[in-house]
Trainee: 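One structure follows; several queries about it will come next.
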Amino acid sequence: MLLWVESALGQTLPITPAVPQQPAVPVSSDVLSRTAIATSETSTGEATRSLTPPAGVALPDTGIVFTAQEFYQAVLRHNPIVKQAALLNLEAQAQVQQARGAFDPKLFSTYNRKNFGNTLYYDKWQSGLSVPVLPGGLDVKMSYDRNTGKYLNPENNVPPTGLIALGLSVPVTQGLLIDARRNTLRQAQLAVNLADADRISLINKTILDAAKAYWDWYLGYQQFRWIGQGYQLAQTRFVAVRQRALIGDAAPIDTTEALITAQDRLVQFQQAAVDLQNARLNLSTFLWSSQDGAAPQPVDLPLTVIPQAAPPDQTSQMQLQDLLSRAAQQHPDLVKLVNKQQQLTIEERYRRALLLPKVSVEASLLSRGPLSDAAFDGSNSYGFQTDNHKIGVDLAFPLFLRAERGKLRQVQFKNQQIGLERQQTGRDIVNEVQRSWNELATLEKQIITQQQTAANQQTLVQAEVSKFQLGESSLFLVNSRETKLIDLLIKLEELRSKHQKALANLWYAAGSNVGTR
């Protein structure tokens, strides 16, 4: 029996491994009343009770606070995904510039010469300028022809000084209101809005993921903090019980009970340390630094940084209505569908125009080139007169229009599909906002209830400690009450973490993000 007592009283706890913000520090022996839970300020600002570690033990209660809003702003400024999202809009603007290229003025020049057997068959040179005009699909043309040669086609005969032509090419039916060039340009302009919606959607998703990572870090930090304090209390209790057993004031078996509790909490503490490290790593994936013109560089979260306290956000019905109104007007998914419908509407107008006969008229005023030996007089019979002109009519019309009618019906069906999808998407967005709102409101109620439950459990712990000091309770009951309290406090922090995630998800469901609310 004496050997067993000496063995039990001589038990020691395993050495605590070094973890971030929580070095292993030897604790001094103290009385069992040190396990009482003192009143401290919580993250909600309410006076609830927290486990107080022994003197000299450094727990992660202090440090540089890295707020959620600071984190979101850092992500918005430096994260590569956010920078990638900005490129979507620039790419769409480049497509608009490309579409505008169809209306660029064009210089042209053609030269042909044939000389055979010491005979100049022909020497033809034509050059000019063509300027497309956006309204009406017109083309303004100016050309200069100078042709010579023995075997020149008679229709190519021009004055010795050349022939100047200034005229228009006008589509009379098909292409008058809309043509392929204007169709491409207008759709490219709408594609800018599509790209902007994609950009906002990508940024919102990034901020949502970042918010989840931040509040996972918050939860890991709180778990590490509470479990660490519980472990140190169990360690202190084991030392105190062992000293009491040595002087005969406590049963030797109580040391085994205290040791088991301390060892169990040590395992939980080690796991909490690993979870906290992993949460910090997940958060660091969103942290980058960047300079103007330089590629972003990853940034590690400093060990001295801690998360902010969970704010006690309260919701109201007015906020819900504001979010629903915002979602109906600005949600990226709806914006994309609206612009897709507008693109299809333009495409449908263009396809309808193709059902018309293709008739275009070209008309040019003609004048000979300036004379080298006299001033050019545009009023003479070889100048720009109504009698000096050239006209042409181009007509084409498919007899069955099967290709055009088939494409038109395809575009119409696609437009109807997008319209139906838009209605369903709007309904889904409203329901998703409402679901997120319901979850947020429920979590607020659960937090209040959990705070009351933790306070009641604290009362039980204090009462059990008092009874144990009077010899009317057992160490097992004290440990059980205390373990339950730690679980309840961790559960409270878990609810707060879920509440902040639900808030971020609510803003995401409404088509915005919690970083710019």
Trainee: So that I can tick it off, tell me whether Asp216 and Lys501 are bridged by a salt bridge, with the cut-off set at under 4.0 angstrom between side-chain N and carboxylate O.
Mentor: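 Counted as a salt bridge, because a side-chain N and a carboxylate O are separated by less than 4.0 Å.
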
Trainee: Quick one: pull up CG in Leu344 and CG in Asn339 and give me the separation to the nearest 0.5 Å.
Mentor: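 So the gap between those two atoms works out to 11.0 Å.
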
Trainee: Can the ring centres of Phe224 and Phe269 be said to be less than 6.0 Å apart?
Mentor: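 That pair passes the under 6.0 Å test.
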
Trainee: Measuring from Gln450:CD to Gln452:CD, what's the distance to the nearest 0.5 Å?
Mentor: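 Interatomic distance, Gln450 CD to Gln452 CD, rounded to 0.5 Å: 10.0 Å.
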
Trainee: State which residues pass side-chain contact (heavy atoms from CB on, under 4.5 Å) with His499; sequence neighbours excluded, sorted by chain then number.
Mentor: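 For His499, the residues satisfying side-chain contact (heavy atoms from CB on, under 4.5 Å) (neighbours in sequence not counted) are Asp313, Leu440, Leu443, Glu444, Ile447.
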
Trainee: Quick one: list whatever passes salt bridge (Lys or Arg N to Asp or Glu O under 4.0 Å) with Arg352, sequence neighbours left out.
Mentor: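 Once residues adjacent in sequence are excluded, the partners of Arg352 under the salt bridge (Lys or Arg N to Asp or Glu O under 4.0 Å) criterion are Glu348.
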
Trainee: Take Leu408 and Gln412, measure what side chain to side chain contact (heavy atoms under 4.5 Å, CB included) needs, and give me the verdict at the end.
Mentor: CA-CA 6 Å; Leu408 175 60; Gln412 289 174 335; 4.0 Å; yes

Trainee: Do you know the tightest heavy-atom contact between Leu475 and Asp254?
Mentor: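 Nearest heavy atoms, Leu475 then Asp254: CD2-O, 3.3 Å.
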
Trainee: Without placing hydrogens or testing angles, list every side-chain donor-acceptor pair under 3.5 Å for residues 324-333, not counting sequence neighbours.
Mentor:
{"residue": "His331", "atom": "ND1", "partner": "Asp333", "partner atom": "N", "Å": "3.1"}
{"residue": "His331", "atom": "NE2", "partner": "Ala509", "partner atom": "O", "Å": "3.3"}

Trainee: Please report the interatomic distance CD(Gln277) to CH2(Trp217), rounded to the nearest 0.5 Å.
Mentor: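 Here the interatomic distance stands at 14.0 Å.
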
Trainee: Give a yes-or-no answer on whether the side chains of Gln93 and Asn89 include a donor-acceptor pair shorter than 3.5 Å.
Mentor: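 Looking only at side-chain atoms, Asn89 and Gln93 do form a donor-acceptor pair, the distance falling under 3.5 Å.
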
Trainee: Any side-chain to backbone donor/acceptor pair from Arg280 onto Pro302? Under 3.5 Å, distance only.
Mentor: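 Side chain of Arg280 to backbone of Pro302, a donor-acceptor pair under 3.5 Å: yes, one is there.
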
Trainee: Where do Lys407 and Leu354 land on the side chain to side chain contact (heavy atoms under 4.5 Å, CB included) test, with the steps shown first?
Mentor: CA-CA 10 Å; Lys407 185 62 179 179; Leu354 295 181; over 6 Å; no

Trainee: Which residue in the set Thr256, Asn479, Thr483 passes side-chain hydrogen bond (donor to acceptor under 3.5 Å, both in side chains) when paired with Thr261?
Mentor: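 Result: among Thr256, Asn479, Thr483, Asn479 is the only option passing the side-chain hydrogen bond (donor to acceptor under 3.5 Å, both in side chains) with Thr261.
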
